[in-house]
Amino acid sequence: MSVRTPDPYPGWLSDEDLYEARNRLPMVYVEAVPVRLDPLGYVNEVGLLLQADAEGSMVRTLVSGRVLYRETIRAALIRHIEKDLGPLAFPQLPVSPVPFTVAEYLPSPSQTGFTDERQHAVAMVYVIPVTGECEPRQDALELTWMTPEEVLSPGVQEEFVGGRGALVRQAISYAGLGR
């Protein structure tokens, strides 16, 4: 049984073509760390998605997904934020589409520290403030807003898979917070 969200653009690549592409090419992804800001622009909450993995275990993750052929980075970010957080999240995209970091996922453990057993993927990662009402959709069972301190706690960090805990730590540091 698959716990993955069906591709909303089934004409892009068939499941077989996607499998073949993943075995031959790095895939391009965007990932977003949703945050809430206080009136001075400081991060006071980080939004984490809770999902079931393929084995049925509960894991924390971020907004993420592939960049489609002929799709801009901005359009991919908006599409995935809306897909995961709902149409009323009202994300505030950065002026420049330069990510705060790039994560390279490999199918097996490597020096990058990021893994995705399905593929070799390169993800541009962004901190994205959201101002609207967020409702988890698609694969997500829950969206939890936590303080940066809560996100950095060992218990929450253990809930991430594939190295995404490190991405969240980097995002909090990038925002000028953390230890």
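- For the residue pair Cys134 and Leu143, the shortest heavy atom distance occurs at CB-CD2, 3.3 Å.
- Counting only heavy atoms from C-beta outward, the side chains of Leu93 and Ile78 approach each other to under 4.5 Å.
- Under the 3.5 Å distance criterion, with hydrogens and angles disregarded, a donor-acceptor pair is assigned to the side chains of Asp116 and Gln119.
- Side-chain atoms of Tyr105 and Glu31 form a donor-acceptor pair, as typed in the model, at a separation below 3.5 Å.
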Checklist entry - Stepwise, does the side-chain contact (heavy atoms from CB on, under 4.5 Å) test hold for Leu167 with Phe114? => result CA-CA 9 Å; Leu167 284 181; Phe114 302 108; 3.6 Å; yes

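- For the residue pair Ala32 and Leu77, the shortest heavy atom distance occurs at CB-CD2, 4.3 Å.
- No side-chain N or O of Thr131 forms a donor-acceptor pair with one of Arg36 less than 3.5 Å apart.
- Of the possible polar contacts, none joining the Gln157 side chain to the Pro154 backbone as a donor-acceptor pair under 3.5 Å is found.
- Of all heavy-atom pairs spanning Pro87 and Arg137, the tightest one is CD-NH1, 2.9 Å.
- The shortest side-chain heavy-atom distance between Leu106 and Thr112 falls under the 4.5 Å cut-off.
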Item to check | CA sep, side-chain torsions, deciding dist, call: Val151, Leu48, side-chain contact (heavy atoms from CB on, under 4.5 Å) | outcome: CA-CA 9 Å; Val151 172; Leu48 302 177; 4.0 Å; yes

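- His120 and Glu104 are linked by a side-chain donor-acceptor pair at a separation below 3.5 angstrom, with hydrogens and angles left out of the test.
- Using a distance-only test at 3.5 Å, with no hydrogens or angles considered, a donor-acceptor pair links the side chain of His80 to the main chain of Arg66.
- At a threshold of 4.5 Å between non-hydrogen side-chain atoms, the residues Val43 and Pro148 count as touching.
- Looking at every heavy atom in both residues, Lys83 comes nearest to Ser64 through NZ-O, 3.8 Å.
- The shortest non-hydrogen separation linking Val63 to Leu49 is N-CD1, 4.0 Å.
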Item to check | Working for side-chain contact (heavy atoms from CB on, under 4.5 Å), residues Arg60 and Thr144 | outcome: CA-CA 9 Å; Arg60 295 278 176 196; Thr144 307; 3.0 Å; yes

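- To the nearest 0.5 Å, atom CG of residue Leu37 and atom CD of residue Glu45 are 10.0 Å apart.
- Under the 4.5 Å side-chain heavy-atom criterion for grouping Ile, Leu, Val, Met, Phe, Trp and Tyr, Val59 is not connected to Leu152 through any hydrophobic cluster.
- By the 4.5 Å heavy-atom criterion applied to side chains, Val98 and Tyr126 are not counted as neighbours.
- Using a 4.5 Å heavy-atom cutoff, the side chains of Trp145 and Pro34 are in contact.
- Looking at heavy atoms from C-beta onward, Met146 lies in side-chain contact with Val156 at the 4.5 angstrom threshold.
- Residues Gln170 and Val125 fail the side-chain proximity criterion, which asks for heavy atoms closer than 4.5 Å.
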Checklist entry - So Glu71 and Arg79, salt bridge (Lys or Arg N to Asp or Glu O under 4.0 Å) or not? Walk me through it. => result CA-CA 10 Å; Glu71 181 178 45; Arg79 180 169 58 84; 2.7 Å; yes

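- Other residues, nucleotides and ligands contribute over 12 non-hydrogen atoms within 6.0 Å of the CD atom of Gln92.
- With a 6.0 Å radius and a threshold of 12 heavy atoms from other residues, nucleotides or ligands, Glu117 has its CD atom at or below the threshold.
- Other residues, nucleotides and ligands place no more than 12 heavy atoms under 6.0 Å from the CD atom of Glu133.
- Considering only heavy atoms from C-beta on, Val130 stays 4.5 Å or farther from Val35 through its side chain.
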Next on the checklist: Evaluate Val127 against Tyr174 for side-chain contact (heavy atoms from CB on, under 4.5 Å), listing each step before the verdict.
Outcome noted: CA-CA 9 Å; Val127 174; Tyr174 173 77; 3.9 Å; yes

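- For the residue pair Glu55/Ser57, the side-chain donor-acceptor check at 3.5 Å is not satisfied.
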